[in-house]
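Worksheet: the structure to be examined is printed underneath.
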Amino acid sequence: LFDAVNCLAKENARLLVLGRKHMLVNSSNWKREIMKEMQNKADFFFAENISEDDAFLLYATLRSGKHCKFVTRDFLRDHKACLSDSLTRHLFRKWQRGHQIVFSPSVEGKHIRFLPALCYDCVVQTTGDTWHIPYKDTFEEKYSYRVPRKWLCIQQK
């Protein structure tokens with residue numbers, strides 16, 4: 001968390017960290033001086049330890065405006081499953097892809113980086129006689145925010 005806050009703070013982004021109250025208790029996981037340093041770089045909201053904090057995350061993101069982005073390792077599958085129909089689930093996944101920044105640790109583990117949220121819809125797109133098809137060259141389980149970043153461009157002659 002400390003590295004993520006520092007990385008995002010360097011971009012002069014306004015940050016809100018949603019956590020749980022146990023993070024305020026000095027422990028081996030949560031050092032008081034490190035928490036104070038992070039609180040100088042970001043706003044914090046501490047929910048009860050037994051709370052469902054995803055609801056806070058979704059509310060804060062939606063309430064902060066259409067350009068707000070969020071970071072979580074949660075796939076938000078439980079929330080998608082609660083949606084009543086396939087169109088609403090599709091819209092939620094599309095919204096998620098456009099707003100979730102994906103944490104991507106380096107191979108060496110020394111640096112962290114974030115894959116930006118997509119500013120386009122990751123579906124087959126056509127214009128005239130040209131098709132753009134998203135693809136992956138390796139098989140991996142599909143999560144709603146992990147979408148192909150490579151495109152095949154086919155043009156009819």
Side-chain angles (χ1 to χ4, degrees), residues 1-20 23 29 34 37-45 47 51-157:
L1 179 62
F2 180 75
D3 291 337
V5 167
N6 283 334
C7 180
L8 292 169
K10 286 178 187 173
E11 299 174 14
N12 292 321
R14 184 166 181 210
L15 304 175
L16 171 63
V17 177
L18 300 175
R20 295 205 170 119
M23 295 168 66
N29 291 332
I34 292 175
E37 188 175 337
M38 286 191 296
Q39 287 175 307
N40 289 331
K41 297 176 182 181
D43 293 315
F44 276 73
F45 175 79
S51 70
E52 293 287 334
D53 55 353
D54 293 344
F56 291 104
L57 169 80
L58 293 171
Y59 176 78
T61 304
L62 290 166
R63 184 70 176 98
S64 296
K66 64 182 178 179
H67 299 295
C68 182
K69 307 295 186 230
F70 68 93
V71 178
T72 180
R73 290 185 289 200
D74 194 306
F75 304 127
L76 305 175
R77 288 180 281 218
D78 293 343
H79 300 284
K80 283 184 281 242
C82 291
L83 299 173
S84 59
D85 59 86
S86 62
L87 176 60
T88 307
R89 285 188 294 274
H90 170 75
L91 290 173
F92 182 86
R93 283 191 301 271
K94 186 174 178 177
W95 174 85
Q96 184 181 6
R97 283 192 300 264
H99 291 83
Q100 187 168 3
I101 299 171
V102 180
F103 173 76
S104 178
S106 67
V107 176
E108 314 86 41
K110 295 180 181 176
H111 303 288
I112 64 169
R113 65 187 183 102
F114 294 94
L115 299 176
L118 297 177
C119 57
Y120 53 85
D121 200 4
C122 195
V123 295
V124 175
Q125 300 181 24
T126 65
T127 51
D129 61 352
T130 305
W131 290 63
H132 292 92
I133 304 168
Y135 76 95
K136 291 182 180 182
D137 40 6
T138 59
F139 178 78
E140 58 188 30
E141 189 172 353
K142 184 180 182 289
Y143 298 112
S144 57
Y145 67 81
R146 288 189 182 159
V147 295
R149 302 229 175 219
K150 294 181 180 180
W151 291 76
L152 179 63
C153 179
I154 300 172
Q155 189 170 31
Q156 185 178 8
K157 291 191 177 194

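With a 6.0 Å radius and a threshold of 12 heavy atoms from other residues, nucleotides or ligands, K94 has its NZ atom at or below the threshold. A 6.0 Å sphere centred on CD of Q156 holds no more than 12 heavy atoms belonging to other residues, nucleotides or ligands.
Remark: N29 CG to M23 CE distance equals 10.0 Å, nearest 0.5 Å. Atom CG of L16 sits about 11.5 Å away from atom CZ of F56, to the nearest 0.5 Å. Here OG of S64 is found 9.0 Å from OH of Y59. Values are rounded to the nearest 0.5 Å. Residue Q155 holds its CD atom at 13.5 Å from CH2 of W131, rounded to the nearest 0.5 Å. A distance of 12.0 Å separates CD1 in I101 from OG1 in T72, rounded to the nearest 0.5 Å. Note that CZ of R93 is 12.5 Å distant from CG of L76, once rounded to the nearest 0.5 Å.
Annotation: side chain to side chain donor-acceptor pair (under 3.5 Å) contacts involving residues 6-18, sequence neighbours excluded, comprise N6-K41.
The nearest pair of heavy atoms linking Q96 to F75 is NE2-O, 3.4 Å. For Q39 against F44, the heavy-atom pair with the smallest separation is CG-CD1, 3.5 Å. Closest approach of A9 to L15, counting heavy atoms only: N-CD1, 3.8 Å. In plain terms, the two heavy atoms of C68 and H99 that are nearest each other are O-CD2, 2.9 Å.
No side-chain heavy atom of L57 sits less than 4.5 Å from a side-chain heavy atom of D74. At least one side-chain heavy atom of M38 sits under 4.5 Å from a side-chain heavy atom of L1. In this structure, the side chains of Q125 and W151 come closer than 4.5 Å at one or more pairs of heavy atoms.
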Problem - D78 vs D54, side-chain contact (heavy atoms from CB on, under 4.5 Å): CA-CA, chis, key distance, verdict - result: CA-CA 10 Å; D78 293 343; D54 293 344; 5.9 Å; no
Listing, residues 82-91 side-chain donor-acceptor contacts under 3.5 Å, not counting sequence neighbours, or none:
unit_1, atom_1, unit_2, atom_2, d
D85, OD1, L87, N, 3.1
D85, OD1, T88, N, 2.9
D85, OD1, T88, OG1, 3.1
D85, OD2, T88, OG1, 2.9
R89, NH1, L83, O, 2.9

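Aromatic ring pairs are classed by plane angle as parallel below 30°, tilted from 30° to 60° and perpendicular above 60°; the pair W95 and F92 is tilted.
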